[in-house]
Participant: 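Pasting a structure here, questions to come.
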There are 2 protein chains.
Amino acid sequence: MSKPAARTRLAEAAFTLFDERGYEQTTVDDIAERAGVGRTTFFRHYRSKEDVIFPDHDRLLEQIKDRLATSSHDTALAAVSDAVRLVLMHYLAEGDLARRRYRLTSKVAALRDREIASVARYQRLFREFISSWMGDPTESASLRAELMAAAVVAAHNHVLRRWLRGESPDPGREVDEAMHDVLALFAAPGSRTGSDDRGTTVVAFRTGQDLDTLLPALRRLVADGPGQ
Amino acid sequence: MSKPAARTRLAEAAFTLFDERGYEQTTVDDIAERAGVGRTTFFRHYRSKEDVIFPDHDRLLEQIKDRLATSSHDTALAAVSDAVRLVLMHYLAEGDLARRRYRLTSKVAALRDREIASVARYQRLFREFISSWMGDPTESASLRAELMAAAVVAAHNHVLRRWLRGESPDPGREVDEAMHDVLALFAAPGSRTGSDDRGTTVVAFRTGQDLDTLLPALRRLVADGPGQ
DNA sequence: ACGGGAATGGTACTGAGTACCGTTCATAAG
DNA sequence: CTTATGAACGGTACTCAGTACCATTCCCGT
């Protein structure tokens, strides 16, 4: 008479039935019966029918919030990139469960919408974090924060989806590369790359003058180090 | 005995009641009664209770799809920027109605999620358009498409929200500026800006060599023009 | 006046989610 | 061993969204 904690049995029953008959065709009564518990018990463990599939999104969101609050990075984007990496790791740790969920969300519109809404909460959190980190209430700074949050989340989604579809053998590496791309997007041209501080940095700009005319200015820049 | 087409009366009744008692506290029966029609009629005009608030998202999505299909721009990003501008214009044309909806979605989580899901459909459409436009099935091209779609949508949302909150006197101009920023984000450093083609372009890179060592290479680049 | 199609209203049903109540069961205290 | 306590459970009954079906009315051209 093993009793793997009702909650687990409910989730297992739900996924099985969803696979067999589809989501809409499965009632909460079906799930409860299959798990050998009453209908009431189902709603005690999961707030809704959808919740069986997305059990701990709230908890994860809180974790991420904490991570951001206690993070020590030198840019907001780096902090957020690190945080979103945590989200990806959470999915990876779920393993096959995450893939079963993905198969469901691919088929059922209501579930896809729910998933999207969850992701949007992360994006909002990131946007607010970046905004407050920059401290700049300017309209253009606000837009920049919005773009950064969107880019980080998009990069995360890209890698996650690839892994969910079995197209990514090494999502950890891919997410690092993707975040690197995002960083590069927003890195001001000519700013430090952070990796190597020696040698010559050529800033990108465009001018009507020819190369010989601006060579003195270039030499001065190199001599002075990163001015501005 | 004016009969402004039942559908209109239903929408009006719904918004009024939602404002008075809140969304969850208003039943479909209440709305129908207020509009002076039967409950059945309500569901004939709107698929669901939420649909009263988001009536023509589907139609707009189709319009955007058409716009993209028949668009003639020289970059995918330009085509998508143009399309998203159409979305913004749709909201602007709604005027006060859009603002009432915004007040509701700000308060009711279920409605906010619904709105987010709609926006995600645009983003998905854009992503697929950009992807197929580039034709490049590479992983990095796919990521780039994802980032571009996310950025365009984020910029749109930014401007839209500002307007909805009454913070933007000229959203048309703002969306142009925002899209310009997005374009700039993805413009490869050193690539043509499209405005001025004369003069010297200095590409951004980083090297361990000092300026004099790489000066010959710089001169060769300038002489050859933009060689890959 | 008449026929037919579209819009309408009513009734009845399914299923999600909530509220409430009584029961069971484990455990710690006496 | 008995009892008190609290947590987990099961059952019943309710509200409300959404669907299906049927009957009625209204409008319009013939």
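So that the names make sense, note that chain A is the first sequence line, chain B the second, and so on, each numbered from 1. Note that the coordinates shown come from a computational prediction; the quantities given were computed from them, not determined experimentally. Atoms considered below: every heavy atom in the structure, side chains included; atoms not considered: hydrogens, waters and symmetry mates.
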Participant: Looking at DNA chain C, which of residues 104-121 of chain B put a heavy atom within less than 4.0 Å of it?
Facilitator: none
Participant: Looking at Asp51(A) and Arg114(A), is any side-chain nitrogen of the basic one under 4.0 Å from a carboxylate oxygen of the acidic one?
Facilitator: yes
Participant: Taking the side chain as every heavy atom from C-beta outward, state whether Leu86(A) and His90(A) have any atom pair closer than 4.5 Å.
Facilitator: no
Participant: How does protein contact run along nucleotides 9-17 of chain D, one letter per nucleotide 5' to 3', with B for base contact, S for sugar-phosphate only, - for none, heavy atoms under 4.0 Å?
Facilitator: BBB----SS
Participant: Looking only at heavy atoms, which two atoms of Ala83(B) and Leu68(B) are closest? And how far apart?
Facilitator: CB-CD2, 3.8 Å
Participant: Rounding to a whole Å, what distance do you find between Asp30(A):CG and dT14(C):C1'?
Facilitator: 12 Å
Participant: Under 6.0 Å from the six-membered ring centre of Phe129(B) and within 45° of its axis: does the NZ or CZ of Lys65(B) meet both?
Facilitator: no
Participant: Counting only heavy atoms not in Arg47(B) (residues, nucleotides, ligands), do more than 12 fall under 6.0 Å from its CZ?
Facilitator: no
Participant: Between the side chains of Glu139(B) and His158(A), does any donor sit under 3.5 Å from an acceptor?
Facilitator: yes
Participant: Please report the distance, rounded to the nearest Å, between OH in Tyr46(A) and C1' in dA8(D).
Facilitator: 15 Å
Participant: Does Lys49(A) qualify as a cation-pi partner of Tyr23(A), given the criterion of NZ or CZ under 6.0 Å from the six-membered ring centre and within 45 degrees of its axis?
Facilitator: yes
Participant: To the nearest Å, give me how far apart CD1 (Ile31(A)) and P (dG17(C)) are.
Facilitator: 10 Å
Participant: Quick one: closest heavy-atom pair of Ala149(A) and Gln123(A), and the distance?
Facilitator: CB-O, 3.7 Å
